[in-house]
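Remarks on the structure that follows.
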Amino acid sequence: MKRTHHCNALRPEHAGQTVTLTGWVHSRRDLGGVLFIDLRDREGRMQTVFDPADLSKEVFDTATKLHAESVIEVTGKVRQRPAGTNNDKIATGQVEVLVKELLVLNHADPLPFQIDDPEAAAKVNEETRLKYRFLDLRRPEMTHNLRLRSKVAIATRSFMDEQGFLEVETPILFKSTPEGAREFLVPNHRDPGTFYALPQSPQQFKQILMVSGVERYYQLARCFRDEDQRADRQLEFTQIDVEMSFIDREDIYALIEGLLKRVWKTALNIDIPTPFKRVSFQEALNRWGIDKPDTRFGMELVDFTEDFRASTFKVFSGAIASGGVVKAMNAKGMAGATQGQIETMTEYAKSFGAKGLAYIKVENGEWKSPIVKFFSEAEKTALKTKLAIEEGDLILFAADQWLNACEILGKIRLYCADVLKTQGKLTIDPKQFNFLWVIEFPLLGFDREQNRWYSSHHPFTAPVAEDIPLLKTDPKKVRGQHYDIVVNGVELGGGSIRIHQPDVQKTIFEELLQIPPDETKLRFGYMLEAFRYGAPPHGGIALGFDRLCAILCGTTSIRDVIAFPKTAKGTCMMTDSPSQVTARQLRDLYIEVKVKKPE
RNA sequence: GGGGGUGUAGCUCAAUUGGUUAGAGCGCUGCCCUGUCACGGCAGAGGUUACGGGUUCGAGCCCCGCCACUCCCGCCA
């Protein structure tokens, strides 16, 4: 007998119908004479009633002994609940099923943790939840996340399809390309000593697909990076990977704005305004001290370099004299910061190489600060005006090289926002989504230790056309045609227009990155080869699908939107992977393990 | 690799300055209960205080080590 309805389906109009439901025993309330069992399936909950007057003793006794999460099938008549016993908390709360038949499909042992109470279940240690993930995923909150993720994937596919994109799968067994993230290697027994690598992203394949004439490619691509993890980073993750031919940056912006508009509408029924604001890398650092700014709150950075150029306060004027800047930030309402909080902020500053953190507490009409005595009246006036200083404010300074000074205050700005949020002085609407494009990143950074340039994105990123001459004269000033999409301080994705001119690519590889030609050939030969046979101008982007889902689900950890995530150390609590393999397996792969086995 | 946090009953947590037999709620077992919905009531079982050392008359608490989980830095072209 199959079920006739899901557990969310029944309403007063079904009264009188005989129905069959299947699902899990969500909770059991045994009142001695009458017994209630809330039955739960994927869709919802339904109260069933066992009345001994209407039932055989066997059925009633069986029901009495059911544990939570046992799997049952019940058949009975739908009826309206007696007056005054409706339950507004559930959708089916006006009706109940008077059970006639009960079939126990499977008994459940007592649970390692309770899942019937959402508040209690949400507090359970993540270690336990991950070990018993199959139980954790039964919780409606987690089911919601799985369902939303599925809906977002479908919305993405239908939108991309409408826009003329082909979904193309690319290999999981790929070639090792040792730049960037550490790779997972897969031994090849057919040729001992050779290895595949799992892709960090399908970057090279998607560019080659452009050479193949696909013109518009996308994929919900699994990617693998063997790096340390974070709340928003897993060893394996999913990207919405996109590449297009015969386009410029504007086409990418428009496409992704359309996609996100669709996704937000589908998932949250929210209309997000487009186009998104665009901010240059330089402006992002200048105003928010970070290349992925959270613009949902103020406390922007202000430049005081000119005001302190001739200051008698040598910490400031000295930094400026050696080519640095002085920046300040007004942490509104933080004058009451504790010594511990000031210390935390100082530690942030020190982690960037600063000697300390200068600050002013504005309390009781006074500027309390170890440094304010060095300031001239003009300097004080400048601070007061440009920072709009008021009673209760905390002013924080950074005097350093431009990037460092910005990043110090950027870090502190986020810390202050957290503190103010905890104190209830800063509230952010959970439905507010501030999207923006960060553009005009520097194409190259300079590695002092290795004394060479490195690609700040990846080596196929095209320079801004007008900056190409600077490649040979002033590489630092070259801007890349790279863009990041940021929402609420989260880097949702990034991409670039790619280089399709062989001579520019050659300059980047050989002159700037200083990769020897033979090595270039070894690593990227197939790609450069492909580019000799008619490569269209192209570019693309990749969005972090897990992060996207996490934002939509209102969680900061992507583990909450991945069915079976790994722990921070990369283990799976449920399957206990990774694990040792047999000597035979190793022998077949021609692998010798040099680490001593435990025990 | 480094720094912070956490670890006490199946789950969530308590345990005063280092001091009696380590407690509570939920869950579990048994009994009672005919309108509950996190049902209620009574009774009971359940502990290597993550693990290994040390200090002490005495350690859940202090010290050293170690493991796991977690957050962050490094790392993530």
Side-chain angles (χ1 to χ4, degrees), chain A residues 26-40 45-54 60 64-65 67-69 81-90 92-93 96 98 109-132 135 177-183 200-201 203-204 223-235 237 344 347-348 350-352 411 414-415 418 443-445 447 453-461 480 482 491 494 496 508 513 515 523-524 544 556-557 559 566-571 573 598:
Chain A
H26 186 76
S27 67
R28 183 170 52 91
R29 295 178 293 280
D30 185 350
L31 275 65
V34 67
L35 168 68
F36 299 98
I37 286 181
D38 277 3
L39 191 62
R40 187 197 72 244
R45 258 165 72 183
M46 181 71 210
Q47 172 164 284
T48 66
V49 191
F50 293 73
D51 188 336
D54 286 321
F60 191 79
T64 305
K65 293 192 177 89
H67 273 133
E69 297 305 311
R81 294 188 182 198
T85 63
N86 287 0
N87 182 0
D88 297 336
K89 291 182 194 164
I90 57 175
T92 57
E96 61 191 10
L98 183 62
D109 282 348
L111 305 177
F113 61 95
Q114 289 166 252
I115 63 173
D116 58 338
D117 180 353
E119 280 179 39
K123 281 168 73 179
V124 172
N125 193 325
E126 196 170 10
E127 202 174 341
T128 311
R129 288 175 49 206
L130 289 178
K131 183 168 178 190
Y132 301 97
L135 285 180
T177 54
E179 296 75 34
R182 185 188 299 126
E183 300 171 316
Q200 303 167 30
S201 79
Q203 182 62 37
Q204 295 173 37
C223 306
F224 306 86
R225 294 181 189 172
D226 189 7
E227 295 290 350
D228 284 354
Q229 310 192 75
R230 292 283 190 281
D232 63 350
R233 275 168 29 194
Q234 283 267 307
L235 297 180
F237 60 100
T344 302
E347 284 309 311
Y348 281 138
K350 285 182 177 170
S351 73
F352 282 91
K411 188 90 190 165
L414 292 177
Y415 173 77
D418 274 343
L443 184 70
L444 301 156
D447 184 332
W453 298 92
Y454 61 89
S455 297
S456 36
H457 182 45
H458 65 56
F460 310 111
T461 302
H482 171 61
E491 183 194 327
S496 63
I508 302 262
L513 304 182
I515 305 174
R523 285 200 217 160
F524 306 110
T556 50
S557 168
R559 291 188 299 272
K566 304 268 189 292
T567 68
K569 285 251 173 75
T571 63
M573 297 297 291

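Below, chains carry the letters A, B, ... as their sequence lines are ordered, and counting in each starts from 1.
- Among the atoms of the strands shown, base atoms are found under 4.0 Å from some heavy atom of A:Gln203.
- A:Pro112 comes within contact range of the sugar-phosphate backbone alone, with a heavy-atom separation under 4.0 Å but no base atom that close.
- In a base pair of the Watson-Crick type (N1 to N3 plus N6-O4 or O6-N4) or a G-U wobble (N1-O2 and O6-N3), with each distance short of 3.5 Å, B:rC67 is matched with B:rG7.
- Base pairing of B:rG40: its partner is B:rC32, meeting the Watson-Crick or G-U wobble criterion (both donor-acceptor distances under 3.5 Å).
- For B:rG3, the base has no donor-acceptor partner in the side chain of A:Glu347 [N/O atoms by modelled type, under 3.5 angstrom].
- Each of A:Phe113 and A:Phe36 was matched to the nucleotide of RNA chain B holding its nearest heavy atom; the match closer to the 5' end belongs to A:Phe113.
- Note on A:Asn87: a base of the nucleic acid sits closer than 4.0 angstrom, heavy atoms only.
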Nucleotides 66-75 of chain B: protein proximity per nucleotide (B base, S sugar-phosphate only, - neither; heavy atom, under 4.0 Å): --SSSSSBBB
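- For A:His458 and B:rC76, the shortest distance from a side-chain N or O to OP1 or OP2 is not below 4.0 Å.
- Between A:Ser27 and B:rC39 there is a side-chain polar atom (N or O) within less than 4.0 angstrom of OP1 or OP2.
- Counting non-hydrogen atoms under 4.0 angstrom, A:Ala181 reaches the backbone sugars and phosphates but no base.
- Across all strands shown, nothing is found opposite B:rG18 as a Watson-Crick or G-U wobble partner with both distances under 3.5 Å.
- Between the side chain of A:Arg28 and the base of B:rU36, no donor-acceptor pair under 3.5 Å is found.
- Between the side chain of A:Arg129 and the base of B:rC11 there is no donor-acceptor pair of N/O atoms closer than 3.5 Å.
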